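Let me begin by presenting the structure, written as structure tokens, before commenting on it.
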Protein chains: 2
Amino acid sequence: MAEQQGSEFRAGSLPEVKFDANGLITAVVQEATTHEVLMVAWMNRESLALTLETGFTVFWSRSRQKLWKKGETSGCLQRVREVRADCDADTLLVLVDQTGPACHTGERSCFFQPLPVAAPGS
Amino acid sequence: MAEQQGSEFRAGSLPEVKFDANGLITAVVQEATTHEVLMVAWMNRESLALTLETGFTVFWSRSRQKLWKKGETSGCLQRVREVRADCDADTLLVLVDQTGPACHTGERSCFFQPLPVAAPGS
């Protein structure tokens with residue numbers, strides 16, 4: 001990838017986001033159009049750089065201990081529209097165009113298991 | 001809180017969500033009406049139980065190592081409409097009615113710092 005000038009992204013340079021003791025940062029993935037929260041995954045410095053450089057999400061698989069391009073085998077890629085860090089710069093919000101379901105179960109979003117909440121004051 | 005019957009929530013019992021090695025689970029907080037992702041915070045077993053029982057978000061502050069009822073001092077409470085676990089049951093999505101700004105900076109959402117993303121194929 002060619003280097004870009006000025007404040008634009010340059011390969012090798014990253015905004016100052018904070019990685020945890022394991023070198024990871026939490027990434028919340030949200031569908032850019034529907035605003036549905038699709039999944040949460042983790043990025044290390046390399047996967048964040050690849051995500052910003054390629055425009056497709058790449059995560060760090062904690063179970064497999066390797067880089068993981070989302071949809072590489074399933075075809076359910078996530079094209080990145082925006083990445084935003086939070087106020088502490090230790091969490092990322094990634095807005096994507098999701099192809100197919102985001103969840104390996106076939107659900108559109110990974111968040112499909114409701115927990116019971118009491119009504120306030122009950 | 002009185003005990004409830006059957007599959008409803010009972011004080012002391014929790015759905016089988018998975019806490020990490022530090023006893024914490026990641027909680028993504030989303031505004032129920034606007035679908036804006038507001039913040040990410042962490043819950044331990046006690047704060048999750050309090051959240052489900054009271055209908056207001058309670059987190060575990062990793063920096064202060066104590067329970068933290070969101071908005072307790074600022075008044076910017078989060079009334080909980082829904083809590084959903086993800087497919088692995090190791091991350092939570094909390095849908096809330098947010099009073100005032102969610103971020104301590106005064107921003108509505110904590111995610112206000114854009115990172116530069118390359119267009120795919122560039």
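None of these values were measured; they are calculated from a predicted model. Numbers restart at 1 for each chain; the letters A, B, ... are given by sequence-line order, proteins then strands. The figures that follow rest on heavy atoms only: side chains count, while hydrogens, waters and symmetry mates do not.
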message: B/Q98 vs B/Q78, test: side chain to side chain donor-acceptor pair (under 3.5 Å). Steps then yes/no.
response: CA-CA 5 Å; B/Q98 172 73 53; B/Q78 294 174 334; 2.8 Å; yes
task: Assess whether side chain to side chain contact (heavy atoms under 4.5 Å, CB included) is satisfied between A/D86 and B/V40, documenting all intermediate values.
output: CA-CA 9 Å; A/D86 74 346; B/V40 167; 5.5 Å; no
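Side-chain polar atoms of B/T54 and B/R79 form no donor-acceptor pair below 3.5 angstrom.
Only the side chain of B/Q30 comes within contact range of chain A, with at least one heavy atom under 4.5 Å from a heavy atom of that chain. Heavy-atom distances place both the backbone and the side chain of A/V83 under 4.5 Å from chain B. Heavy atoms closer than 4.5 Å to chain A are found in the backbone of B/T34, but not in its side chain. In this structure, the portion of A/T105 lying under 4.5 Å from any heavy atom of chain B is its side chain and not its backbone. Interface remark: B/T91 contributes backbone and side-chain atoms alike to the contact with chain A (heavy atom separation under 4.5 Å). Contact of A/V37 with chain B is made through backbone and side chain together, with heavy-atom distances under 4.5 Å.
Counting heavy-atom pairs closer than 4.5 Å to chain A, the top-ranked of the candidates B/L92, B/D88, B/D90 is B/L92.
With hydrogens and angles disregarded, no donor-acceptor distance shorter than 3.5 Å links the side chain of A/N44 to the backbone of A/L48.
Two different hydrophobic clusters hold A/V58 and A/W68 under the rule that ILVMFWY side chains link at heavy-atom gaps under 4.5 Å.
Geometrically, A/K70 does not engage A/F59 in a cation-pi contact, judged by NZ or CZ lying under 6.0 Å from the ring centre and within 45° of the ring axis.
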